[in-house]
Amino acid sequence: MESKQDQHSLATNWVSHAVLQNLADQHDWTCLELHEGPDQPRPIIKGLPPKRLYLHPDDQIAALAHEEATGEKLLNTPEFEWVLAVHISETWSLGKFSAVFDTISNTSAQQKRIVLATVHNDSTVVYYVMHEGLVKPRQN
């Protein structure tokens with residue numbers, strides 16, 4: 001008989017693999033890797049989206065100024081992103097999210113952010129960009 005911990009681990013792995021497949025098949029991400037281990041509170045996916053997902057507001061202002069001055073757009077080459085897969089029924093605390101951010105802080109030079117992939121019961125996946133701490137709001 002499986003323990004409650006084993007059942008949770010199986011469910012977590014299923015959600016992570018479902019998101020990994022969704023990223024590859026529906027969103028054309030490449031270089032996908034599932035990172036899991038005893039030092040991580042949760043498996044986390046690293047991958048390369050087909051285009052940049054997030055541009056810091058200060059960088060947006062610089063890019064718009066450059067485009068206005070020169071008529072050419074700055075290249076928006078994609079960056080590797082970290083994706084945390086969760087099921088809609090899970091309850092998450094700030095402490096749990098903090099533990100996930102701590103695991104990526106040693107492996108990434110970019111601003112601390114993750115893509116939160118929420119899987120619904122019908123296998124629909126909704127993606128949110130989530131930052132650690134405060135982030136300057138975008139200018140409209």
Side-chain angles (χ1 to χ4, degrees):
M1 185 170 172
E2 290 181 349
S3 71
K4 205 170 211 178
Q5 179 65 28
D6 290 339
Q7 289 174 346
H8 182 264
S9 181
L10 286 172
T12 299
N13 284 338
W14 176 85
V15 168
S16 297
H17 285 284
V19 168
L20 194 136
Q21 280 303 130
N22 182 266
L23 289 169
D25 297 341
Q26 300 297 318
H27 300 286
D28 299 325
W29 282 44
T30 57
C31 304
L32 290 163
E33 302 172 355
L34 184 63
H35 292 258
E36 53 190 333
D39 58 332
Q40 291 183 282
R42 178 78 171 222
I44 191 163
I45 300 165
K46 183 178 181 183
L48 189 63
K51 63 182 182 177
R52 184 172 286 196
L53 297 183
Y54 178 80
L55 190 59
H56 189 276
D58 293 340
D59 296 334
Q60 287 178 341
I61 293 167
L64 289 171
H66 175 80
E67 184 177 350
E68 187 175 302
T70 65
E72 61 184 39
K73 291 187 177 196
L74 287 178
L75 295 176
N76 282 330
T77 56
E79 299 176 307
F80 277 94
E81 297 287 347
W82 290 101
V83 182
L84 173 64
V86 301
H87 190 270
I88 190 93
S89 65
E90 291 182 75
T91 303
W92 277 77
S93 66
L94 291 176
K96 282 184 177 181
F97 283 121
S98 180
V100 171
F101 276 108
D102 288 345
T103 63
I104 67 169
S105 65
N106 298 331
T107 59
S108 177
Q110 76 182 25
Q111 183 178 1
K112 286 188 175 183
R113 71 172 178 266
I114 58 174
V115 177
L116 180 66
T118 305
V119 180
H120 199 275
N121 290 336
D122 65 358
S123 297
T124 302
V125 183
V126 179
Y127 296 93
Y128 302 93
V129 176
M130 185 175 188
H131 294 268
E132 180 181 50
L134 298 175
V135 176
K136 183 178 176 181
R138 288 185 176 205
Q139 303 293 317
N140 288 335

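Since the structure is predicted, the reported quantities are computational estimates derived from the model, not experimental observations.
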Pairs of donor and acceptor atoms involving the side chains of residues 23-32, under 3.5 Å and at least two apart or interchain, shall be tabulated with distances.
residue : atom : partner : partner atom : Å
D25     : OD2  : Q21     : NE2          : 3.0
H27     : NE2  : N22     : OD1          : 3.3

[X] with [Y], same ILVMFWY side-chain cluster at under 4.5 Å:
X	Y	answer
I88	V15	no
V100	V126	yes
W14	I45	yes

Residues forming a side-chain contact (heavy atoms from CB on, under 4.5 Å) with [X], sequence neighbours excluded:
X	answer
T70	H66, E72
L116	L84, V86, F97, T118, Y128, M130
H35	E33, Q40, I44, K46, W82

* Any donor-acceptor N/O pair, K96 side chain to T91 backbone, under 3.5 Å -> yes

* To do: Output the distance between atom CD (E36) and atom OG1 (T12), rounded to the nearest 0.5 Å.
  =>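 Spacing of CD (E36) from OG1 (T12) equals 10.0 Å.
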
* **E81 CD to I104 CD1 distance, which is reported to the nearest 0.5 Å** =>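 One gets 9.5 Å once the value is rounded to the nearest 0.5 Å.
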
* Asked: If you look at every heavy atom in P43 and S16, which pair is closest and at what distance?
  -> CB-OG, 3.8 Å

* Specify the closest pair of heavy atoms between H131 and F101, including all atoms of both residues, with the distance to one decimal. =>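 That closest heavy-atom pairing would be C-CZ, 3.7 Å.
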
* To do: Using side chain to side chain donor-acceptor pair (under 3.5 Å) as the criterion, list what pairs up with T124, not counting sequence neighbours.
  =>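 D122.
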
* **Non-neighbouring partners of N121 that pass side chain to side chain donor-acceptor pair (under 3.5 Å), sequence neighbours left out** =>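 Expected list: H87.
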
* For residues H17 and L34, determine if any side-chain heavy atom of one lies less than 4.5 Å from a side-chain heavy atom of the other. =>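 Yes, at least one pair of side-chain atoms sits under 4.5 Å.
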
